[in-house]
There are 2 protein chains.
Amino acid sequence: MSSDALPAPAPVTLREVALAAGVSVATASKALNGQGRMTAETRERIRETAQRLGFRPNSLAQSLLRKRSFTVGLLTNDTYGRFSLPLMAGVSDALVDAGVSVFLCNVEDDSRLGQLHVEAMLDKRVDGIIATGKRIDRHLPIDLSNLRIPVIYAFTQPDPGSVAFVSDDAGGARLAVEHFCGLGRRRIAHVSGPASFAVVHERARAYREVLAEHGLPVAEPLLGAWSEGWGHEAVAKLFDGKAGRGEMPDAVFCGNDQIARGVIDALRERGIGVPEDVGVIGFDNWEIVAEATRPPLTSVDMNLATLGREAGLALLSLVGGQAAAPGIRKLPCRLVVRQSCGRPVGG
Amino acid sequence: MSSDALPAPAPVTLREVALAAGVSVATASKALNGQGRMTAETRERIRETAQRLGFRPNSLAQSLLRKRSFTVGLLTNDTYGRFSLPLMAGVSDALVDAGVSVFLCNVEDDSRLGQLHVEAMLDKRVDGIIATGKRIDRHLPIDLSNLRIPVIYAFTQPDPGSVAFVSDDAGGARLAVEHFCGLGRRRIAHVSGPASFAVVHERARAYREVLAEHGLPVAEPLLGAWSEGWGHEAVAKLFDGKAGRGEMPDAVFCGNDQIARGVIDALRERGIGVPEDVGVIGFDNWEIVAEATRPPLTSVDMNLATLGREAGLALLSLVGGQAAAPGIRKLPCRLVVRQSCGRPVGG
DNA sequence: CTGAGTTGGGAAAAGGTTTTCTCTTATCGC
DNA sequence: GCGATAAGAGAAAACCTTTTCCCAACTCAG
């Protein structure tokens with residue numbers, strides 16, 4: 001109940017190192033930073049003393065002077081983390097080697113909380129901020145447009161004139177549909193999420209374009225929800241009441257892996273073979289889902305870790321004083337091929 | 001390509017406030033902190049000036065002096081984040097109101113990376129560290145036992161003599177099995193993960209105890225993997241080749257929600273009704289899975305957000321100088337009832 | 001009117017590091 | 001041997017805030 005539960009010896013300071021080595025703090029500082037002029041012998045002696053005493057410079061004091069704290073803030077409203085976690089890991093990865101640490105700020109969708117976090121970041125003199133979210137077409141509940149520090153947007157709606165990184169959803173959709181075409185599939189359906197999501201339309205457009213380029217019939221995309229249940233329903237709409245195999249789709253491109261999962265299960269229940277009769281491709285490459293479908297699901301991966309890494313590096317260069325051209329950079333997706341599409345038809 | 005892409009006006013300092021208000025920095029500081037003695041008028045004038053100039057105290061300078069940085073480090077090796085995300089959110093929640101920010105340190109299972117992060121934390125003078133992981137029975141790849149700052153372990157294997165918070169897995173298992181008993185189920189099976197996990201045995205023990213207490217037959221738990229596939233297999237072992245309904249289990253308690261999902265699907269494929277013929281309970285309450293099963297899955301929730309919050313508060317009080325009794329605190333789970341268990345049998 | 005006490009506010013040190021400037025001493029060329 | 005130069009190292013300011021001590025002026029009792 002009283003204080004002093006721990007021994008907590010105070011960290012050793014530069015002054016103590018200097019004292020032990022018989023030099024001034026100025027010399028000690030220069031020795032350890034490779035600055036200034038002194039005999040190699042002196043430098044080595046100081047280095048050794050620092051080592052022996054376990055000296056580690058106080059980052060707070062350094063930051064105060066250098067006006068760089070070697071910290072950045074990472075804002076997110078993705079409580080569930082399916083998208084932001086790989087992204088965060090990427091950011092962290094890119095920065096840790098530069099000695100930059102990341103403040104995690106979970107702002108939910110609460111602008112009071114967002115304000116609180118942003119002010120805490122500013123007070124702590126972060127060198128920059130990365131804003132990320134669970135949805136590309138929604139803003140975080142905070143205004144970051146007039147901060148005195150660089151801001152990078154990643155996988156969330158950016159402010160005009162800012163630097164942003166997002167996934168190339170249209171490109172990802174192309175990848176999927178082209179893959180079907182390359183396998184000889186000809187009646188390719190598209191089942192996606194709610195119309196309120198911008199990516200739904202972006203992917204649908206790409207879907208239509210690729211089919212048109214290949215001279216294949218374009219079915220109107222089925223929009224619904226991001227759920228397995230919707231996958232089931234969609235299969236009923238697509239397959240029930242069709243005269244024969246020739247009328248049914250032979251491929252379904254799904255808006256996410258959960259829909260794809262529902263589609264696959266519903267097809268199996270109808271005795272329709274995946275991939276023999278129908279190929280299925282999902283989106284997100286959520287491994288835990290994609291690997292649990294039977295057969296394992298081919299899916300579009302948004303490379304979110306890479307996106308996070310790029311965002312981290314971009315912030316770093318902004319902090320370093322490099323100017324970055326504002327705008328939205330779309331990073332390519334990749335197709336992870338598993339077993340839900342099969343080999344070329346008749347190949 | 002050159003520097004100075006942004007205007008980046010330097011933040012206003014206390015000195016500027018003091019100058020503008022016509023007082024010394026000492027007085028300004030005291031005015032804003034409610035310290036010292038001065039006329040109410042002076043104090044108000046200074047406050048107003050600070051407000052007008054948008055003064056925010058430099059946290060770095062404060063930390064240097066107070067020897068408290070109002071930051072903590074959060075170490076995790078849970079890349080996927082299913083467990084650590086709610087936990088992190090809880091920690092963050094508990095701390096943000098105290099003005100404490102959280103450094104996110106993803107150490108993977110790489111001890112070099114762990115070392116790097118821990119040193120960065122120490123250099124940045126964090127007030128304390130929370131260590132968390134994806135598994136209660138595994139250590140992070142770092143030694144935190146001799147740090148000069150408080151450490152709290154949450155959902156990971158603690159060092160001896162430390163303060164730790166984990167979920168009460170045995171209690172959670174009791175909750176599930178008792179629930180079955182209360183509904184009149186009598187042949188309750190248990191399908192769980194690999195024997196290499198400590199929680200598997202802990203839950204199995206609780207399962208046996210509850211059955212014994214109720215005078216019900218104990219079947220040997222089936223141990224396998226944490227996957228849907230294993231759920232399927234387990235159903236085959238439990239149900240195939242049984243003479244009739246009377247020999248088959250009428251309830252299955254699963255080690256996680258994915259296994260439960262596999263079990264439910266496999267039962268449906270065999271024409272066995274859930275919950276009419278067999279009740280199913282999962283573990284983890286991973287909503288996205290639990291709500292996608294048909295019927296939606298009753299599951300044990302480990303209350304990880306609460307666990308994180310407790311850990312955060314505990315660290316805060318440790319940092320504040322309160323001594324905490326070392327040891328492992330087990331926090332209760334709760335049962336989230338959905339539709340996979342049905343109403344009382346014959347009730 | 002004087003001494004004690006109170007009130008309002010400032011000077012300065014502290015916290016740990018970096019950096020510029022200065023100072024002393026050794027070295028070199030002649 | 002002498003002046004010029006370079007080398008090695010230290011003093012001090014700076015970063016921004018907090019806090020302790022101190023000082024001046026005022027109030028009040030006697």
Side-chain angles (χ1 to χ4, degrees), chain A residues 8-47 49-50 53-71 99 120 122-127 148, chain B residues 8-47 49-50 53-71 99 120 122-127 148:
Chain A
V12 30
T13 71
L14 187 60
R15 194 208 314 265
E16 302 175 67
V17 174
L19 205 65
V23 296
S24 70
V25 285
T27 306
S29 172
K30 284 179 284 196
L32 298 176
N33 293 318
Q35 305 291 325
R37 290 175 314 197
M38 68 197 67
T39 51
E41 182 194 3
T42 306
R43 197 181 290 274
E44 189 46 41
R45 174 164 46 91
I46 297 174
R47 285 223 167 107
T49 310
L53 265 46
F55 169 75
R56 314 224 81 220
N58 185 331
S59 182
L60 264 34
Q62 291 181 319
S63 303
L64 192 57
L65 207 52
R66 299 191 190 163
K67 300 178 165 309
R68 273 212 45 193
S69 64
F70 290 89
T71 60
L122 256 27
D123 288 354
K124 282 170 179 138
R125 297 304 191 261
V126 291
D127 297 329
R148 333 170 317 277
Chain B
V12 29
T13 71
L14 187 59
R15 191 203 324 255
E16 303 176 67
V17 174
L19 204 65
V23 297
S24 72
V25 285
T27 306
S29 172
K30 283 180 284 198
L32 298 176
N33 294 318
Q35 306 289 324
R37 289 176 314 195
M38 68 197 68
T39 50
E41 182 193 4
T42 307
R43 196 181 292 276
E44 190 46 41
R45 175 164 45 92
I46 297 174
R47 284 224 167 107
T49 311
L53 265 47
F55 170 75
R56 313 224 80 218
N58 185 329
S59 184
L60 264 33
Q62 291 182 319
S63 302
L64 193 57
L65 209 52
R66 298 192 189 162
K67 300 182 164 309
R68 276 222 30 206
S69 64
F70 289 89
T71 61
L122 257 27
D123 288 355
K124 284 173 176 130
R125 296 305 192 263
V126 292
D127 298 330
R148 337 171 313 278

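Just the heavy atoms: all of them, side chains too, but no hydrogens, waters or symmetry mates, feed the values below. No experiment lies behind these values; they were computed from the predicted model shown. Note on naming: letters A, B, ... go to the chains in the order of the sequence lines (proteins, then strands), and numbering restarts at 1 for each one.
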Report summary line: Tightest non-hydrogen contact, residues A/R125 and A/T71, listed as O-OG1, 4.3 Å
Report task. Considering non-hydrogen atoms only, spot the tightest contact between B/R15 and B/V25 and give its length. Result -> CA-CG1, 3.5 Å
Report task. Keeping the roles fixed (side chain from B/R45, backbone from B/A21), state whether a donor-acceptor pair exists under 3.5 Å. Result -> yes
Report summary line: Nucleotide by nucleotide, nucleotides 16-26 of chain C touches protein heavy atoms under 4.0 Å in the pattern (B base, S sugar-phosphate only, - none) BBBBB------
Query raised in the report: What pair of heavy atoms forms the shortest contact from B/N58 to B/L60, and how long is it?
Result: OD1-N, 2.7 Å
Query raised in the report: Hey, is CZ on B/R68 packed in by over 12 heavy atoms from elsewhere, all under 6.0 Å?
Result: yes
Report summary line: Only residue of A/I46, A/T49, A/V17 satisfying side-chain contact (heavy atoms from CB on, under 4.5 Å) with A/F55 is A/V17
Query - Nucleotides bounding contact with chain B, strand DNA chain D, heavy-atom threshold 4.0 Å - result: D/dC15 to D/dT20
**Report entry** B/T42 side-chain N/O to C/dG8 phosphate OP1/OP2 under 4.0 Å
**Finding:** no
Report task. State, to the nearest 10°, the angle formed by the axis through the first five base pairs of the helix from C/dC1-D/dG30 to C/dC30-D/dG1 and the axis through its last five. Result -> 60°
Query raised in the report: Do you know the tightest heavy-atom contact between A/A28 and A/A18?
Result: CB-CB, 3.9 Å
Query raised in the report: Is B/E16 reaching over with its side chain to a backbone N or O of B/T13, donor-acceptor style, under 3.5 angstrom?
Result: yes
Report task. Indicate the atoms forming the closest heavy-atom contact of A/S69 with B/K124, along with that distance. Result -> O-CE, 3.8 Å
Query raised in the report: Is the closest side-chain heavy-atom distance between A/D123 and B/F70 below 4.5 Å?
Result: no
